[in-house]
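Step one of this worksheet: look at the structure below.
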Amino acid sequence: MSTVVNAEQVQRWNGDTARRWIAQRERHASVRERLTPHLLRAAAVSPGDRVLDVGCGCGETTVAVARSAGPDGGVLGLDLSGPMQEVACRLAAEAGVANLRFVQGDAQVYPLPPAAFDLVISSFGVMFFDDPAAAFGNLRTALRPGGRLAFLCWQDALRNEVFAIALRAFMRHAQLPAAVDDDLFADPRRVIDLLGGAGFTDIRVAAVHERARIGSDFADVMGYVRSTSKVRELMARLGDEVLARRVLATMAEEFAARQDRDGVWVRAAAWLVTAGSG
Ligand SMILES: C[S@@+](CC[C@H](N)C(=O)[O-])C[C@H]1O[C@@H](n2cnc3c(N)ncnc32)[C@H](O)[C@@H]1O
């Protein structure tokens, strides 16, 4: 493991959050099912490419791009989480994909070899840095001149139903803490400034809107949503059982209204960010 920064995130992604993420892996994959192809199309990995997958989690995108990179290329999956890396190694072995490697480390400070990659990608794995400028500086130096960056991050939580339904239910009955609104990656102007400051060029931020299947029925989705750290944190802050029951009833109504024959579908809103290494 490299120098310890992002201590809170290290703890989260090696503790409860990682356990819950692994338990919900298939649900998360289903939520991302229509989003990931946008990233893979933008990445356009070719045979022979050397790719870095940042915050690769359980390695689904790592395996997908390793297939495109072929035997002459390869992928390094970099993630803070030991438990998720174990799952990633198992899934890659099961998929019979050998041209990849996983390392546990912090993308903000991990000593990546300079100019070693053609492409840096991430599926929702670059949103957790204490010092995003340092992290993207580190990632840029790992790209060769003429290399490319492509990542997905979430739009504003209140415009993205993956999170907005729960948040709006709280807002209907109580006031949300201001911190919920302060998400650098939700604001394309701040992302452009961040990447420009780290030396990236030709920075583009494209909106991606897709339906996302979040569960089989509203009871299943409620069980999941109630287990998420954000909702547990907001419930704890609420500290009022009557209000909590109202919030949950509002959420349940909203998810029930989105029930389709094959599950509960919400409208996901992400940003697809692409840039060149200069
Ligand atoms: C929301 S999950 C996304 C995982 C995976 N890319 C996916 O799409 O399923 C975020 C991932 O970023 C990782 N992560 C968070 N901060 C990180 C950092 N500073 N360096 C490397 N990985 C980090 C977490 O451990 C977690 O696996």
Side-chain angles (χ1 to χ4, degrees), residues 1-40 42-43 51-66 75-92 100-112 120-139 142 149-155 157 160 162-163 183-186 194 198 208 210 212 214 224 228-230 268 270-273:
M1 197 74 175
S2 46
T3 315
V4 175
V5 292
N6 300 306
E8 202 180 310
Q9 298 296 337
V10 173
Q11 204 179 356
R12 279 186 71 204
W13 295 104
N14 286 283
D16 271 4
T17 299
R19 272 190 291 281
R20 278 199 300 277
W21 187 274
I22 291 166
Q24 299 289 343
R25 191 179 69 76
E26 287 180 9
R27 183 191 308 276
H28 294 153
S30 143
V31 167
R32 288 187 321 254
E33 191 177 2
R34 295 178 180 203
L35 301 170
T36 306
H38 291 267
L39 175 64
L40 297 181
V51 186
L52 173 66
D53 185 359
V54 178
C56 64
C58 297
E60 290 95 338
T61 47
T62 327
V63 167
V65 294
V75 189
L76 178 67
L78 172 62
D79 201 286
L80 275 185
S81 173
M84 289 165 79
Q85 187 176 94
E86 276 175 30
V87 177
C89 290
R90 178 173 55 76
L91 293 178
L100 49 63
R101 198 161 63 84
F102 295 102
V103 288
Q104 186 180 2
D106 190 315
Q108 188 176 312
V109 290
Y110 191 82
L112 293 160
V120 170
I121 66 156
S122 181
S123 162
F124 304 102
V126 292
M127 307 173 296
F128 307 95
F129 303 122
D130 284 344
D131 187 343
F136 279 93
N138 194 36
L139 297 177
L149 170 73
F151 68 84
L152 282 170
C153 58
W154 293 116
Q155 289 194 27
N160 168 24
V162 174
F163 306 116
D183 177 6
L184 183 163
F185 288 93
L194 169 68
V208 175
E210 289 288 358
I214 196 167
Y224 162 65
T228 60
S229 42
K230 180 54 68 193
W271 298 118
L272 173 66
V273 181

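In listed order, ligands and their atoms are each counted from 1.
Classified by interplanar angle (parallel below 30°, tilted 30° to 60°, perpendicular above 60°), the ring pair Phe136/Phe185 is tilted. Relative orientation of the Trp154 and Phe124 rings is parallel, given thresholds of 30° and 60° on the angle between their planes.
Counting only heavy atoms from C-beta outward, the side chains of Trp13 and Gln104 never approach each other to under 4.5 Å. A heavy-atom distance below 4.5 Å is found between the side chains of Glu60 and Arg25. Contact annotation: the side chain of Leu78 never approaches that of Cys56 to less than 4.5 Å [non-hydrogen atoms, C-beta and beyond].
An N or O contact shorter than 3.5 Å links Ala107 to ligand 1 by distance. Considering backbone and side-chain N/O atoms, Thr61 never comes within less than 3.5 Å of an N/O atom of ligand 1. When only interatomic distances are considered, the shortest N/O to N/O separation between Trp13 and ligand 1 does not fall below 3.5 Å. Looking at Arg32 next to ligand 1, an N or O pair under 3.5 Å apart turns up.
When the heavy atoms of Gly125, Ser81, Gly105 are ranked by distance to atom 21 (C) of ligand 1, first place goes to Gly105. When the heavy-atom distances from atom 4 (C) of ligand 1 to Ala18, Gly82, Gly55 are ranked, the shortest goes to Gly55.
Ranking the protein heavy atoms by distance from atom 25 (O) of ligand 1 puts Asp79 OD1, 2.5 Å first. Taking atom 22 (N) of ligand 1 as the reference point, the nearest protein heavy-atom neighbour is Leu80 N, 3.3 Å.
Residue contact annotation: His28 has no non-hydrogen atom under 4.0 Å from ligand 1. Residue contacts with ligand 1: Tyr110 is excluded, as none of its non-hydrogen atoms falls under 4.0 Å. Distances from ligand 1 to the non-hydrogen atoms of Asp106 include at least one value under 4.0 Å. Note on ligand 1: Met84 sits in its first shell, one or more heavy atoms being nearer than 4.0 Å.
Using a 3.5 Å distance cut-off with no hydrogens or angles, the side chains of Gln108 and Asn6 do pair a donor with an acceptor.
Near Cys56, the atoms of ligand 1 lying under 4.0 angstrom from a non-hydrogen atom of the residue are 5 (C), 6 (N). Atom numbering of ligand 1 starts at 1 in the shown order; those under 4.0 Å from a heavy atom of Phe124 are 1 (C), 2 (S), 3 (C), 10 (C). Residue Asn6 has at least one heavy-atom neighbour below 4.0 Å for each of these atoms of ligand 1: 19 (N). Interface atoms of ligand 1 facing Ser123, defined by a heavy-atom separation under 4.0 Å, are 3 (C), 5 (C), 6 (N), 7 (C), 8 (O).
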